[in-house]
Each structure stands twice: as C-alpha cells, then as structure tokens.
Amino acid sequence: QVQLVESGGNLVQAGGSLRLSCTGPGDSFYRLAMGWFRQAPGKEREFVAGTTWSGGNVDYADSVKGRFTISRDNARNTVYLQMSTLKPEDTAVYFCAASRLIHGPPSRYDHEYDYWGQGTQVTVSS
C-alpha cells in the first residue's frame with residue numbers, strides 16, 4: 001500500500017528547466033530506494049536517474065547526465081528530479097518508482113522496482 005504522487009510536469013521551451021516532485025508515505029519513505037523513468041510515445045520505458053535510501057549514491061542515464069539532478073528530502077518524504085537545458089527528445093511521461101528490495105547501488109532496471117506513480121507529462125517544444 002505504497003502510493004507515489006508525482007507533480008511538476010509541464011510544457012516548456014527547449015533550453016528551459018523543470019523540477020519534478022514525487023511524494024511517498026511518511027512511515028516508510030526513508031526505507032525506499034527511488035528512481036525516475038520515462039516513456040516517450042512509441043518507445044520503451046527507459047531509466048533516467050536513481051538514488052539510494054540516504055541519497056548519498058546517485059546514477060544517471062548517459063542521455064541526461066550533466067543536465068538532470070536527482071535528490072531526496074526524507075524529512076518531506078519527497079524525491080526530486082531537477083531538469084535543466086531541456087531538449088525536445090526529453091519529451092515523455094516521467095514516472096517515479098520505489099523499491100523496498102534494492103539494498104545496493106541504484107538500479108537501472110524497472111523490474112527491480114515494485115511501486116510506481118501514475119506519471120507526469122513533460123513536453124519540450126523546439
């Protein structure tokens with residue numbers, strides 16, 4: 001009964017910035033490894049970023065490295081994805097994901113996450 005609620009998706013021009021937020025349950029959020037995935041129309045879901053329970057370890061897809069930053073604030077039960085220098089190819093539905101099973105470095109594989117948000121739309125115009 002873990003519910004993840006995403007927000008922050010919007011329409012933005014190329015070169016702009018957005019920050020996505022994902023909130024989870026207050027009684028267990030600190031125990032969850034968190035990740036962000038995205039899916040564009042006609043394409044498979046792909047890994048974007050991930051972080052460990054403490055936020056001390058992070059991992060990024062090559063396509064977003066240097067432009068996106070994942071962070072978490074366990075006091076607010078929230079994980080963030082700060083997106084800068086956005087490109088049209090970043091257009092996708094972005095999903096927040098959580099796992100109670102990942103106990104090592106962040107995972108890039110969606111099958112290792114067992115809780116998912118509903119997704120938030122990010123559209124980047126050229």
Side-chain angles (χ1 to χ4, degrees):
Q1 199 171 344
V2 174
Q3 290 199 354
L4 305 175
V5 181
E6 300 142 326
S7 63
N10 213 332
L11 172 65
V12 64
Q13 289 187 328
S17 300
L18 284 174
R19 187 177 74 166
L20 306 183
S21 299
C22 173
T23 59
D27 61 347
S28 61
F29 187 83
Y30 67 96
R31 302 197 303 268
L32 300 172
M34 303 296 298
W36 287 96
F37 292 77
R38 67 186 182 186
Q39 187 168 22
K43 303 188 71 175
E44 294 184 345
R45 185 168 56 198
E46 64 176 346
F47 170 81
V48 176
T51 187
T52 53
W53 294 1
S54 67
N57 293 323
V58 296
D59 188 32
Y60 299 96
D62 289 342
S63 59
V64 307
K65 196 170 187 178
R67 299 187 299 117
F68 290 12
T69 301
I70 186 172
S71 62
R72 67 190 297 165
D73 186 344
N74 288 340
R76 296 179 180 270
N77 308 314
T78 302
V79 63
Y80 303 97
L81 185 68
Q82 177 67 50
M83 305 183 293
S84 300
T85 319
L86 283 162
K87 305 174 181 179
E89 50 263 45
D90 294 320
T91 296
V93 177
Y94 283 71
F95 297 92
C96 175
S99 175
R100 300 181 64 178
L101 305 176
I102 300 172
H103 52 269
S107 175
R108 297 187 173 193
Y109 305 109
D110 55 6
H111 65 85
E112 295 189 358
Y113 294 85
D114 45 3
Y115 303 103
W116 294 83
Q118 296 299 306
T120 185
Q121 177 70 49
V122 173
T123 302
V124 184
S125 62
S126 59

Engineer: May I ask you to check whether T91 and E89 show a side-chain donor-acceptor distance below 3.5 Å?
Structural biologist: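 On atom types as modelled, these side chains do not qualify, holding no pair under 3.5 Å.
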Engineer: So, does R72 use its side chain to make a donor-acceptor pair with the main chain of A33 at under 3.5 Å?
Structural biologist: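 It does not hold such a pair.
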Engineer: Do M83 and D90 have side-chain heavy atoms sitting under 4.5 Å apart?
Structural biologist: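 Not in contact.
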Engineer: For R76, enumerate each residue passing the salt bridge (Lys or Arg N to Asp or Glu O under 4.0 Å) test, keeping only those at least two apart in sequence or located in another chain.
Structural biologist: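 D73.
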Engineer: So, using ring pair (Phe, Tyr, Trp, His ring centres under 6.0 Å) as the criterion, who are the partners of Y60 when residues are at least two apart?
Structural biologist: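 Y60: no ring pair (Phe, Tyr, Trp, His ring centres under 6.0 Å) contacts found.
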Engineer: Determine the minimum heavy-atom distance between A49 and L81, stating which atoms define it.
Structural biologist: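 What the structure gives for the nearest pair is CB-CD1, 4.1 Å.
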Engineer: Listed by chain and number, what are the ring pair (Phe, Tyr, Trp, His ring centres under 6.0 Å) partners of Y94, not counting sequence neighbours?
Structural biologist: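 Y94 satisfies ring pair (Phe, Tyr, Trp, His ring centres under 6.0 Å) with no residue once adjacent residues are dropped.
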Engineer: Which atom pairs, one a donor and one an acceptor, fall under 3.5 Å between side chains of residues 4-28 and the rest of the protein, sequence neighbours left out?
Structural biologist:
residue	atom	partner	partner atom	Å
E6	OE1	Q118	N	3.1
E6	OE1	G119	N	2.3
E6	OE2	C96	N	2.3

Engineer: Could you tell me the separation between the CD atom of Q39 and the CD atom of E44, rounded to the nearest 0.5 Å?
Structural biologist: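 So the CD of Q39 and the CD of E44 are separated by 8.5 Å.
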Engineer: Would you call R108-D59 a salt bridge at under 4.0 Å N-O?
Structural biologist: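 Here R108 pairs with D59 in a salt bridge, since their nearest N and O are under 4.0 Å apart.
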Engineer: Contact between W36 and V79 at the side-chain level, heavy atoms closer than 4.5 Å - yes or no?
Structural biologist: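 SC-SC contact between W36 and V79 confirmed.
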Engineer: Drop me the distance from L32's CG to L101's CG, to the nearest 0.5 angstrom.
Structural biologist: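 If we round to the nearest 0.5 Å, L32:CG and L101:CG are 10.0 Å apart.
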Engineer: Just checking, any donor-acceptor pair under 3.5 angstrom between side chains of S107 and E112?
Structural biologist: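 Their side chains do contain a donor-acceptor pair, which is all the 3.5 Å distance test asks for.
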Engineer: Under a 4.5 Å cut-off applied to non-hydrogen side-chain atoms, are V2 and F29 in contact?
Structural biologist: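 In short, these two side chains do not touch, never coming nearer than 4.5 Å.
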Engineer: Transitive ILVMFWY cluster of I102 at side-chain heavy atoms under 4.5 Å: who else is in it?
Structural biologist: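 So far as hydrophobic clustering goes, I102 is joined with F37, F47, V93, F95, Y113, W116.
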Engineer: Compare all side-chain heavy atoms of R38 with those of T120 and state whether any distance is below 4.5 angstrom.
Structural biologist: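 Answer no - side chains too far apart.
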Engineer: By salt bridge (Lys or Arg N to Asp or Glu O under 4.0 Å), which residues pair with D110, not counting sequence neighbours?
Structural biologist: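 Scan of D110 (salt bridge (Lys or Arg N to Asp or Glu O under 4.0 Å), adjacent residues dropped) gives R45.
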Engineer: Are any of the side-chain heavy atoms of F68 and V48 separated by less than 4.5 Å?
Structural biologist: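 A side-chain contact under 4.5 Å exists here.
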Engineer: Please report the closest heavy-atom contact between A92 and A40, naming both atoms and the distance.
Structural biologist: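 For A92 and A40, the tightest heavy-atom pair comes out as CB-N, 3.8 Å.
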Engineer: For T51 and G55, which heavy atoms make the closest approach, and how far apart are they?
Structural biologist: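 Shortest heavy-atom contact: OG1-CA, 3.1 Å.
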